[in-house]
> 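Please read through the structure below; I'll follow up with questions.
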Amino acid sequence: MTAPVESRLHSPELPECRGELSCGVVAALLRDEPIAALAQRVASADPYGEDLQLALYVLYELHYQGFRGVADEREWDPELLGLRHALEQRFLGALRADVPSGAGAEQALAALLVEPIGHDDTSVSHHLLRDGELWQLREYAALRSLYHLKEADPHAWVIPRLHGRAKAAMVAIEFDEFGAGRAEEIHARLFADLMADLGLETAYGHYADAAPAEALAPVNLMSLFGLHRALRGALVGHFASVEVTSSPGSRRLAAALRRTGAGPAAQRFYDEHVEADAVHEQVVRRDVVGGLLAAEPALDADVAFGVEATGFLEDRLAARLLAAWRQGRSALREPLAPQPSAQPSTPVAS
């Protein structure tokens, strides 16, 4: 039985596949083709590559808005779940091998609070503040839409896995993220307003085809952590990393949008995060992380891993963006159309 039409209003089209794994997943969803043989190919796949990351992204999206033409019941298809498990283990194994270990949660979070003196040449927000052009801000918004149009959703999965002080604090922050009871203030809605000001398509998942693997991986990380109770500590670490770094980064991005002449809705999204996340950062460190580790001290290393894995993947994305932009090239797999209300320079394809 297929889902009713009203439940599919926000479902995107399936993205174009990029290799054997992602093409197999798309074919299985559209035509119910068998995928048993695909699991054997996972071990040799690049864990950070286009094919594996897109395959994971598509499978994870079955737990969010799904896709047009794909029955809602496929979310719990045993074969798809088996393949997803193999993909997750390849991705998670690479992260555990590549991310430094040994730091505790407090040390990992303290490192995030150190702001560089002067300009940080490895930071996207520093680049956009000082040298960014409007077309680069539009590309950044298009890529970030894969997360921000479902902002706070992956983190909500940790709520039933927390207790006491950690749960109460997490719910309080999520309440703010979801607009404090006002639909027009939901942060995902505010980001859609930002995109509209920049002349971008605001539909959920619209820019999946344009997003390189480096942009898909941070989104997949949240889903990986969120869907596994065993990784609840890592999800809290990821959430803490996002909240701790959000306020200073948002301040720079708001200033960059003003400097390049973006509209008021575009500026408002980041202005809102400057204020809200400055408060959230304190609550996350003291009550969410502190409350979790008071109840489950054995999760300290997992929280640290969540922090550091987030930073590792964000650094890879930043390197991709900055390398392309400094050469005047698009960082997307397919460049955006020019903004209707302006004529920014149009970069060549990456």
Side-chain angles (χ1 to χ4, degrees), residues 7 10 60-61 63-65 75 104-106 108-109 112-113 144 146-193 204 218-250 268-307 309-310:
S7 71
H10 302 290
Y60 283 145
E61 283 302 311
H63 298 288
Y64 294 101
Q65 300 295 334
E75 177 184 6
E106 183 176 353
L109 288 171
L112 300 179
L113 296 171
R144 287 302 193 190
L146 298 183
Y147 163 57
H148 281 305
L149 291 182
K150 62 170 175 264
E151 185 170 349
D153 290 350
H155 299 124
W157 277 317
V158 83
I159 292 172
R161 298 159 183 171
L162 299 177
H163 306 276
R165 179 159 55 106
K167 175 176 281 193
M170 188 74 189
V171 170
I173 296 172
E174 289 282 271
F175 182 65
D176 287 347
E177 300 285 347
F178 290 123
R182 300 185 301 277
E184 69 277 8
E185 297 297 318
I186 293 175
H187 285 189
R189 168 67 181 272
L190 297 181
F191 196 80
D193 293 341
Y204 180 93
V219 181
N220 286 338
L221 185 73
M222 291 182 287
S223 299
L224 169 63
F225 290 164
L227 285 166
H228 293 272
R229 188 174 65 84
L231 295 172
R232 62 194 179 280
L235 182 63
V236 166
H238 179 278
F239 183 68
S241 177
V242 170
E243 296 298 326
V244 168
T245 59
S246 175
S247 186
S250 293
R268 187 187 173 215
F269 176 83
Y270 286 111
D271 284 338
E272 170 73 15
H273 281 68
V274 171
E275 297 179 14
D277 290 344
V279 176
H280 291 172
E281 180 254 315
Q282 298 295 323
V283 177
V284 169
R285 296 187 72 209
R286 182 184 65 244
D287 294 321
V288 180
V289 175
L292 173 67
L293 295 183
E296 300 187 84
L299 294 181
D300 185 78
D302 286 351
V303 174
F305 173 67
V307 173
T310 301

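Being a predicted model, the structure only gives us computed values, none of them experimental.
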> Return a table of donor-acceptor pairs under 3.5 angstrom between the side chains of residues 153-164 and protein atoms on other chains or two or more places apart.
{"from": "His155", "atom 1": "NE2", "to": "His238", "atom 2": "ND1", "distance (Å)": "3.1"}
{"from": "Arg161", "atom 1": "NH1", "to": "Gly226", "atom 2": "O", "distance (Å)": "2.7"}

> State, to 0.1 Å, how close Leu231 and Leu224 come at their nearest heavy-atom pair, and which atoms those are.
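Taking every non-hydrogen atom into account, CD1-O, 3.8 Å.
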> So which heavy atom on Ala152 is nearest to which on Tyr147, and how close?
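That would be N-OH, 3.8 Å.
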> Is there a side-chain contact between Leu112 and Glu281, using heavy atoms and a 4.5 Å cut-off?
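Leu112 does not reach Glu281 side chain to side chain.
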> Would you give the length of the straight line joining atom OH of Tyr204 to atom CG of Leu146, rounded to the nearest 0.5 angstrom?
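CG of Leu146 is found 8.5 Å from OH of Tyr204.
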> About how many Å separate CD of Glu75 and OH of Tyr64, when rounded to the nearest 0.5 Å?
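Those atoms lie 11.0 Å apart.
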> Minimum heavy-atom separation for Gly291 to Ala166, with atom names?
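For Gly291 versus Ala166, the nearest heavy atoms are C-CB, 3.9 Å.
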> Verify the neighbour count for atom CZ of Arg286: are there more than 12 heavy atoms of other residues, nucleotides or ligands below 6.0 Å?
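Result for CZ/Arg286: enclosed.
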> Give, for atom CG of Leu235 and atom CE of Met170, the distance between the pair rounded to the nearest 0.5 Å.
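The CG atom of Leu235 sits 6.5 Å away from the CE atom of Met170.
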> Would you compute the distance between atom CG of Leu190 and atom CD of Glu177 and round it to the nearest 0.5 angstrom?
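Between atom CG of Leu190 and atom CD of Glu177 there are 10.0 Å.
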> Looking at Ala169 and Val283, what are the two nearest heavy atoms and their distance?
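Scanning both residues completely, I find the closest heavy atoms to be CB-CG1, 3.8 Å.
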> Listed by chain and number, what are the salt bridge (charged side-chain N to carboxylate O under 4.0 Å, His left out) partners of Lys150, not counting sequence neighbours?
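Listed in chain order: Glu61.
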> Going by side chain to side chain donor-acceptor pair (under 3.5 Å), name the pairs with one or both residues in residues 293-307, residues two or more places apart or in two chains.
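For residues 293-307, and leaving out neighbouring residues, the side chain to side chain donor-acceptor pair (under 3.5 Å) pairs sorted by first residue read Arg232-Glu296.
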> Checking Ser241 side chain against Gly237 main chain: does a donor-acceptor pair fall under 3.5 Å?
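Side chain of Ser241 to backbone of Gly237: no pair is present.
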> Tell me which pairs pass side chain to side chain donor-acceptor pair (under 3.5 Å) where either residue lies in residues 164-174, with sequence neighbours left out.
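Qualifying pairs: Arg165-Asp287.
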> Test of understanding: with side chain to side chain contact (heavy atoms under 4.5 Å, CB included), list the residues that count as partners of Ala240, not counting sequence neighbours.
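Testing Ala240 for side chain to side chain contact (heavy atoms under 4.5 Å, CB included), a comparison that skips the adjacent residues, returns Leu109, Val284, Val289.
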> Can you name the nearest heavy-atom pair linking Gly306 to Phe225, along with the distance?
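Nearest pair, atom of Gly306 first, then Phe225: CA-CE1, 4.0 Å.
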> Taking atom CZ of Phe269 and atom CD of Glu151, what is their separation to the nearest 0.5 Å?
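Answer rounded to 0.5 Å: 4.5 Å.
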> Let me confirm one number: the OG1-CZ distance from Thr310 to Phe239, rounded to the nearest 0.5 Å.
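The distance works out to 12.0 Å.
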> List the atom pairs, donor and acceptor, that lie under 3.5 Å between side-chain atoms in residues 179-186 and the rest of the protein, sequence neighbours left out.
{"from": "Glu185", "atom 1": "OE1", "to": "Arg268", "atom 2": "NH2", "distance (Å)": "2.5"}
{"from": "Glu185", "atom 1": "OE2", "to": "Arg268", "atom 2": "NH2", "distance (Å)": "3.2"}

> Is it the case that the ring center of His187 lies less than 6.0 angstrom away from the ring center of Phe191?
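Not under 6.0 Å, so no.
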